[in-house]
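Down below is the structure, laid out as C-alpha cells.
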Amino acid sequence: MHIVFDAQTMLFMDVVLGFCLSIALSFSIHDRFVCPGAKAWVTALFSSTAGLLFLWLRLFVPLWISVAFGNGLILIAHALLWLGFRQYTNRHTPKDNLVLLTPVVVSMVLLWLTNIDPNNITLRSNIAAYTLICLIIMTIFEALKNRKVIETGRLLCAISLSFTIACTLFRALTIQKFAGNVSLFENNLNSLILMVSSGISLVGTGISVMLISSQWLQQRLYMHATYDALTGLYNRYALTELSETGSITKNASSRWSIAIIDIDHFKRVNDQYGHPAGDDVLREIASILKAHVRHRDIVTRYGGEEFVVVLIDCDLQQTRNWAERIRAQIESREIRIQGHSIHVTVSIGIATSSDSELDPAINAADSALYLAKRSGRNQVHVCTEESCVGMNGSISLKN
Ligand SMILES: Nc1nc2c(ncn2[C@@H]2O[C@H](COP(=O)(O)OP(=O)(O)OP(=O)(O)O)[C@@H](O)[C@H]2O)c(=O)[nH]1
C-alpha cells in the first residue's frame, strides 16, 4: 500500500496521535492523588485533538463548521492549559474561568467572517493565530512562575508551547505574505509546518503533563517521608538519612553535639486540655527550637513529645549553655491556647561526638535525658564517655 504524506494525511495522523495520548493520560490520572490542574490539562488534550479533527473534516463538512469548531476547540484547549497551571500553582479563582469565553467569542467571530466571505483566509487565520499566541504566552508565564529547579515538566511544557508559538507565527506571517492563497490542505511548507507542529505540540504537552504529575507526586512523597506534618520539622527518618549520607559530619569541622529535648508530663497536657491543645504545645516548642539554632544545625521531631537537635561545631560547654537557654526559655514561655495559659517544662539530655556515627551519640544523649527525668525533670544533663553529669554538678554512672 502506498501512503502519501500530504497535509491531509498528516493532520489525520495528528488526530489519531492526540486521541491515543488523551486516552492514555486520562487513565493515568484516574486516581485520587493526581496533581491539581491535571484534569484540565487532559481535557485540553482532548479538546485540541477534537479541534484538529474538525479542521481535518473540512473536506466533508460545511466550511463554517470546520472553521468555528476547529479553531474554537484548539483555543479552548489552550485556555484550559492556562487554567490547569493556575490550579497547579494554587492561584486559581472562579474569575479565571472567564478566560473560556475568549475562544467562544473568537469562534463566533470566525463563524461570522466565514459567512461573509468564505475565501478570506487571511483575516480568519490571523484572528485565530494571534488569540492562540496570547493564550500561549499567558500559559508559558504561568508554567514558569515560581518553578522549582526539579520541576522539569513545567519547563518542557513551556518549551513545547514556545515551539507552537513559533509555528503559529510562521503560518500567520506567510499567509499574510501570500495574501490568502494558502489553504489548509495545500502541500506547501506552510501547511506542513502546521501539521508537524501540531503533532509535536500534542506530544510535548502530553509528556509534560505526565512529567508534571509524576514530579508532583514525587515531591509530595518526599515531603511526607522527610518532614513531620505537625511541626514542619525534619522527622526521625530524615535524621537517619542525613546521618547515613554523611550530611551531618560533612558540615562539622570537628565536634558536633546532640540534644534530646523531651516535654515533661506531656500526657497531663493532653489529658487536661485535650489533644489539639497538646498539638499546639508541640508546635510552639518546635518554633522555639527553630528560632534558637543556626542554619547548619538540624532540628527534628524524633517521636511523640521528643525533639532531637544536632548542633554543628559546638563543644560540650557551648551545647550546655545552649540547652540551658532553651530549657529556661520554654519554662518561662506562657503558651496561650483556647483561653488557657499553659506552662510546660522540658528535660534535656546532651552528648557530643566527633565520630561519623549518629547512633552512639543519640544513645548517650538518651541516657543523659533518662537521668534528667529521674533527677526531677526540667533540667539539662550531659553524657560523657564515663558518666552523665547534671547542670548542678551531680554525677551519675551511666548504667
Ligand atoms: N497532642 C499530641 N500528643 C502526643 C503526640 N504524640 C505523642 N503524644 C502524647 O505524648 C504523651 C507522652 O506521654 P509519656 O510518654 O507518658 O510521657 P510524659 O507524660 O511526657 O511523661 P515524661 O516524659 O515522663 O515526663 C502521650 O500522652 C501521647 O499520647 C502528638 O502528636 N500530639
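Just follow the structure's listing: the first ligand is 1, and inside any ligand the first atom is 1.
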[X] and [Y]: side chain donor to acceptor below 3.5 Å:
| X | Y | result |
| --- | --- | --- |
| D262 | S347 | no |
| N235 | H224 | no |
| K39 | Q87 | no |

Got the closest protein heavy atom to [atom], with its distance?
| atom | answer |
| --- | --- |
| atom 20 (O) of ligand 1 | F266 N, 2.7 Å |
| atom 32 (N) of ligand 1 | D279 OD1, 2.7 Å |
| atom 19 (O) of ligand 1 | K267 N, 2.9 Å |
| atom 6 (N) of ligand 1 | G304 CA, 3.3 Å |
| atom 28 (C) of ligand 1 | N270 ND2, 4.1 Å |

Original post:
Should one rank H275, K373, E305 by closest heavy-atom distance to atom 12 (C) of ligand 1, which comes out on top?
Top reply: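 Looking at heavy atoms only, the winner is E305.
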**OP:** From the options H265, R268, R301, select the one whose nearest heavy atom is closest to atom 25 (O) of ligand 1.
**Re:** H265
**OP:** Please answer whether the main-chain N or O of T122 pairs with a side-chain N or O of S125 as donor and acceptor at a distance below 3.5 Å.
**Re:** no
Subject >> Backbone of P118 reached by a side-chain donor or acceptor of R124 within 3.5 Å >> reply: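 It does hold such a pair.
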Original post:
When the aromatic ring centroids of F307 and Y302 are compared, is their separation below 6.0 Å?
Top reply: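 They do not qualify: ring centres at least 6.0 Å apart.
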[X] neighbourhood, listing ligand 1 atoms whose heavy-atom distance to it stays under 4.0 Å:
| X | answer |
| --- | --- |
| I263 | 20 (O), 23 (O), 25 (O) |
| D262 | 23 (O) |
| G278 | 1 (N) |

Subject >> More than 12 heavy atoms of other groups within 6.0 Å of F60 CZ >> reply: yes
Subject >> salt_bridge(K145, E142) N-O dist < 4.0 Å >> reply: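 Looking at E142 together with K145, the answer is no, because their closest N to O distance does not fall below 4.0 Å.
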Residue-level breakdown please: for [X] versus ligand 1, do any non-hydrogen atoms fall below 4.0 Å on the side chain, on the backbone, on both, or on neither?
| X | result |
| --- | --- |
| R377 | side chain |
| D271 | neither |
| R374 | neither |
| V269 | neither |

Original post:
Hey, what's the ring geometry for Y234 with Y227, parallel, tilted or perpendicular (30° and 60° as the breaks)?
Top reply: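 It falls in the parallel class, under 30°.
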Original post:
Mind checking whether R283 has a heavy atom under 4.0 Å from ligand 1?
Top reply: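 In this structure, R283 fails to qualify as a contact of ligand 1 - no heavy atom is under 4.0 Å.
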Original post:
Same cluster or not: are Y237 and I298 linked, directly or through other Ile, Leu, Val, Met, Phe, Trp or Tyr residues, by side-chain heavy atoms under 4.5 angstrom apart?
Top reply: no
